[in-house]
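In what follows, chains carry the letters A, B, and so on, assigned in the order in which the sequence lines appear, proteins first and then strands, with residues in each chain numbered from 1.
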Amino acid sequence: MRQLVPAFLLVFALLSALPVTAAVTPPNVCVTCHGGLAARLGMPVKIWKTSIHAEHGVSCNACHGGDPMDAVNSMSQARGFRGVPVATEIPSICGGCHMGIAKYHAASPHGRALGRGGPTCVTCHGSHGVVRATIDQINRKNCTPCHGFESALEIKNIMMKTDGMLKAIEDRIIELKNQGILTDTLEKRLFSLRNQSHSLFHTLNIDLIRQESAHLQAELEKNNSIGSTGTGLSIGTLAVGWALILALLFYLIKKNID
Amino acid sequence: MDFLKQLYDWIDVRFGVREVVDEKRSGHLLPPNINAWYSLGSVLLVIFCLQIVTGLLLMLYYVPDIDKAFGSVAFIMDEIPLGRLIRLFHAVGSSMMLLVILLHMFSILFMGSYKAPRELHWLSGFFLLLLAMGISLTGYLLPWNQLSFWATTVATDCVSSIPFVGSDLVELLRGGKQVGFHTLGRFYTLHVGVLPATIAALIGTHLFLIRRTGVSTPPFGLEDTTNQWQGDKFVCKDHPDGIPFFPNFVLQDLISISLYLACLMMFVFFFPNMFIPSTSYMPANPLVTPSHIKPEWYFLANYQTLKLFPSEIVGLTVQACAMTFLALLPFIDRGTEKHPLKRPVFTMTAIGCILLWIGLTIWGLYS
Ligand code: HEM
């Protein structure tokens, strides 16, 4: 038996590894060829491999176009290859997938200043090393190259509160899970609320952010009471106490009879 | 009052209940020095009934299908009013049942109550222990979580080390090469049908035997503590100076049952996770083996014993021998002395074995 378990494990690991790696990185000639190139041409692959996009199978061709299955013609214009995108193209490329955010961005002072010193998506998120976005990315170092930090700080402070509540609910979900409570719907709701709140930043509209954050906070407040087991303890005390009193009662009657 | 009496008469002339009550009150007197340990059997009856009631309630919503079982148990826990409580009563109750069965056995061991003419009481009780372990093992798989899936995989795997028929037997048990859909079907049938019915029948036998011989006399507070049974003819032991079952001993039963319920509810309400660790809240995944697969506490000693021996078949044989010895104890120990202090060799050995079992259990828990 002791030899069997690792053996099983190994077989299962092999069996399960095959389809999984295949799903994450489909045979992609851009990655293989550029992976072998040096400097400017090879670097993007190294950085990209650590990104959230690589994790989700969003590969070179998603942003640069081209045909990742055909090694010879992969970078031909006819196959949709766009080369290195210029700043004005970037929001619409990213917006192909992150539609809501691109719309917010386009309407914001940043989007309106596109091509005239306004930041694009990659100014803040990078192009190849995109990681999960956090509120900490709103900081003096990132935001002050072009202007002051006052409005930025104001936005950050409003969003901090929502973020704190989101965190608290995430912790709570883990806790509930450990008690065997179903959290699927709660998780889905939290996911969409989290997206909403993180996207909202791109509007840069303080009033809108304040107003929507208040909505979100009210929504989160509601979720916070789910699965509360506050009454369990007192009912438990009552039940156990009741059984003990019964025992005592029977004991007294018995003594009386004996 | 008058109405009650009339009702009682009405029933009595039809079924002769008065005779039964009178007999309980004065006919069949219990030994005067009877003690609280004798109420554990009644506690066990109550526990079994509670398991049946909570089990039937769980069956209303439980779905024995590998894709739905886990979700249905989660649904019971979260959505059904009182479902969480009912499931906890059932799951915690099964552990407590084994604990009380062990206590019941130990008390009988030390008071020598298994001695003639009560060999078959012991034997039927021994099979009840095995069946209780069986019903717990089969029930454990039903929630189809990581813990239950892998514990069952490991447990059924042991069988494969039996020479010649081992691998066929495992396949028969699992209904396939791996624990899967057919295993769940088999275990479900055993758990809710075959085993409860067998246990009920065996409890009936157990009680019938006790009814025929009367309960044993505890060896405490007496001059002569040897076995009085002659073995020449049937006698139902009576105690002219004894105490009536009703109401005196019924009250003792009620005290023990209430104390038991207090314990059970304490665990259910305050420490449910002692019996249901958080790994059991992950659905079964045949592709991911959790790092620590431990069986329930009552199998830890068996588990540790298996690990101690270089080959599994040796470990199994040792355990089978120990269990057979335990089953046949009344036929092996023919001495007539019942007081534990007046048969020190037996008592020390028994304590040694229990300590060994506890030691192995703790070792299994932390290994
Ligand atoms: C006819 C009587 C019984 C019925 C109908 C029944 C039914 C069920 C059902 C439907 C489940 C799956 C739901 C769940 O896991 O909570 C279950 C689980 C279980 N049952 Fe029973 N049961 C009965 C008696 C017993 C007895 C007598 C024992 C123990 C001595 C027992 C021990 C268990 C255990 C250990 C589990 C797994 C508990 C868990 O982790 O959830 N059952 N039973």
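Taking non-hydrogen atoms and a 4.5 Å limit, the residue list of residues 250-259 of chain B in contact with chain A, ordered by number, reads B/Leu251, B/Gln252, B/Leu254, B/Ile255, B/Ser258, B/Leu259.
Under the side chain to side chain donor-acceptor pair (under 3.5 Å) criterion, B/Glu171 pairs with B/Lys177, sequence neighbours left out. Applying the side chain to side chain donor-acceptor pair (under 3.5 Å) criterion to B/Gln319, with sequence neighbours excluded, gives B/Asn302. Considering only residues two or more places apart in sequence or on other chains, B/Ser148 meets the side chain to side chain donor-acceptor pair (under 3.5 Å) condition with B/Asn145.
Taking both residues in full, the closest heavy atoms of A/Leu244 and B/Ala262 are given as CD2-CB, 3.8 Å, listed atom of the first, atom of the second, then distance. Across A/Ala239 and B/Phe269, no two heavy atoms sit closer than the pair CB-CE1, 3.8 Å.
With rounding to the nearest 0.5 Å, the separation of CE in B/Met265 from CG in A/Leu238 is 10.0 Å.
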